[in-house]
Amino acid sequence: MEMQSDFDRMLFFEHARKTAEDAYAQDPLDADNLLKWGGSLLELAQFQSVPESKKMMLDGITKLEESLQINPKKHEAIWYLGNAHTSYAFLTPDQDLANESFEKAAVYFQQAADEDPDNELYRKSLEVSSKAPEIHSQIHKNGDLDQLAMGAAPASAASTSSSAKSSKKKKSSDLKYDICGWVILAVGVVAWIGFAKSQMPPPPPPTR
């Protein structure tokens, strides 16, 4: 059931990404569309290997920055940039480089909170961001990302692995999902899904 839910989630955001990409070709100055595109890329990054996740995050950051160039006060895009830099930092082993991303994230979370002071999600994100470097240090000290750094295993290999390896792979996969979406999952996944569904056309019904 959980795997099906993750698959449905991936399909939803892939559809959103493709829709935004098509819309961009028609109107490259639509800040809302660029926000949807960037947000979808950040969500899809959770389902990739670590190297692919980082590439997709950087692509998402580019789209969000482009949205802000059009509308500098778009606090949703500012907040998502905070999430993107936080997630990227967690997947960066070097503490100094990770801290640079954490510092950028904190600035974006502060800007988002300044733009929309009554938004509890933004305030909570800013509060939690102060703990991120310590969490990063603990994760990498324990070597919890070692297996993730090798990338995703092929489906055929997974199907023939032992139950012990499958359990370890699932633990690593769950960890990466938590890291990539740590702020969203911790303080606002419902808020984001509600926003996304209200802003994006629904995916086509499954074929029978």
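Atom set for the values below is all heavy atoms of this structure, side chains included, hydrogens, waters and symmetry mates excluded.
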Worksheet item: Is it true that Phe12 and Met10 fall in one hydrophobic cluster, defined by side-chain heavy atoms closer than 4.5 Å?
Response: yes
Fill in: Spacing of OH belonging to Tyr122 relative to CD belonging to Glu76, to within rounding of 0.5 Å
4.5 Å
Worksheet item: Hey, is Glu120 close enough to Arg123 for a salt bridge, meaning N to O under 4.0 Å?
Response: no
Worksheet entry | side-chain contact (heavy atoms from CB on, under 4.5 Å) between Arg9 and Glu43, worked out | CA-CA 9 Å; Arg9 181 180 172 84; Glu43 291 286 351; 2.5 Å; yes
Discussion item. Can you see whether Asp22 engages Gln26 through a side-chain donor-acceptor pair at a distance of less than 3.5 angstrom?
Written reply: no
Discussion item. Under a 3.5 Å cutoff, is there a donor and acceptor pairing between the side chains of Asp114 and Gln110?
Written reply: yes
Practice prompt. Establish whether Leu58 and Leu81 are linked, either directly or via other cluster members, by ILVMFWY side-chain heavy-atom contacts under 4.5 Å.
Written response: yes
Worksheet item: Given the rule in the salt bridge (Lys or Arg N to Asp or Glu O under 4.0 Å) test, do Glu52 and Lys55 qualify, once you have shown the distances and angles that lead to the verdict?
Response: CA-CA 5 Å; Glu52 288 300 316; Lys55 287 173 58 178; 3.6 Å; yes
Worksheet item: Taking atom CG of Asn33 and atom OG of Ser67, what is their separation to the nearest 0.5 Å?
Response: 9.0 Å
Worksheet item: Can you name the nearest heavy-atom pair linking Tyr80 to Leu35, along with the distance?
Response: CD1-CD1, 4.2 Å
Item to complete: State whether Glu21 and Lys18 are salt-bridged, where the test is any N-O pair (Lys NZ or Arg NE/NH1/NH2 against Asp/Glu carboxylate O) under 4.0 Å.
Response: no
Worksheet item: Got a second to check how far Lys73's NZ is from Leu68's CG, nearest 0.5 Å?
Response: 11.0 Å
Response to the item:
Interatomic distance, CG@Asp59 vs OG@Ser40, rounded to 0.5 Å, equals 11.5 Å
Discussion item. Do Phe47 and Leu11 land in one hydrophobic cluster if side-chain heavy atoms of ILVMFWY residues count as linked below 4.5 Å?
Written reply: yes
Discussion item. Quick check against the 3.5 Å criterion: does Ser53 have a side-chain atom that pairs as donor or acceptor with the backbone of Gln46?
Written reply: no
Worksheet item: Any donor-acceptor pair under 3.5 Å linking the side chain of Ser137 with the backbone of Pro133?
Response: no
Item to complete: Could you walk me through whether Lys36 and Thr19 pass the side-chain contact (heavy atoms from CB on, under 4.5 Å) test, one step at a time?
Response: CA-CA 9 Å; Lys36 298 169 193 173; Thr19 300; over 6 Å; no
Item to complete: Please report the shortest heavy-atom distance between Ile78 and Ala112, naming the atom on each side.
Response: CG2-N, 3.6 Å
Worksheet item: With a 3.5 Å cut-off and no angle check, do the side chains of Tyr108 and His85 form a donor-acceptor pair?
Response: no
Practice prompt. Search all heavy atoms of Glu14 against all heavy atoms of Leu44 and return the closest pair with its distance.
Written response: OE1-CD1, 3.4 Å
Worksheet item: Does atom CD of Glu65 have more than 12 heavy-atom neighbours, drawn from other residues, nucleotides or ligands, at distances under 6.0 Å?
Response: yes
Worksheet, complete the sentence: CG of Asp30 to CD1 of Ile70, rounded to nearest 0.5 Å, is 7.5 Å
Worksheet item: Is Tyr24 reachable from Leu41 through a run of hydrophobic residues whose side-chain heavy atoms are each under 4.5 Å from the next?
Response: yes
Worksheet item: What distance separates Asp94 CG from Asn99 CG, expressed to the nearest 0.5 Å?
Response: 9.0 Å
Discussion item. Is it the case that the side chain of Ser87 and the backbone of Ala84 share a donor-acceptor pair, with hydrogens and angles ignored and the cut-off at 3.5 Å?
Written reply: no
Discussion item. Side chains of Leu64 and Leu34, heavy atoms from C-beta outward: is any pair under 4.5 Å?
Written reply: no
Fill in: Electrostatic pair Lys104-Glu100, nearest N-O below 4.0 angstrom
no
Worksheet entry | Check: Thr92 side chain, Ala98 main-chain N or O, donor-acceptor pair, under 3.5 Å | no
Worksheet item: In the single-linkage hydrophobic clustering (I, L, V, M, F, W, Y; side-chain heavy atoms under 4.5 Å), do Leu126 and Leu121 co-cluster?
Response: yes
Discussion item. On a heavy-atom basis, which atom in Gly82 and which in Phe109 lie closest, and how many Å separate them?
Written reply: C-CZ, 3.4 Å
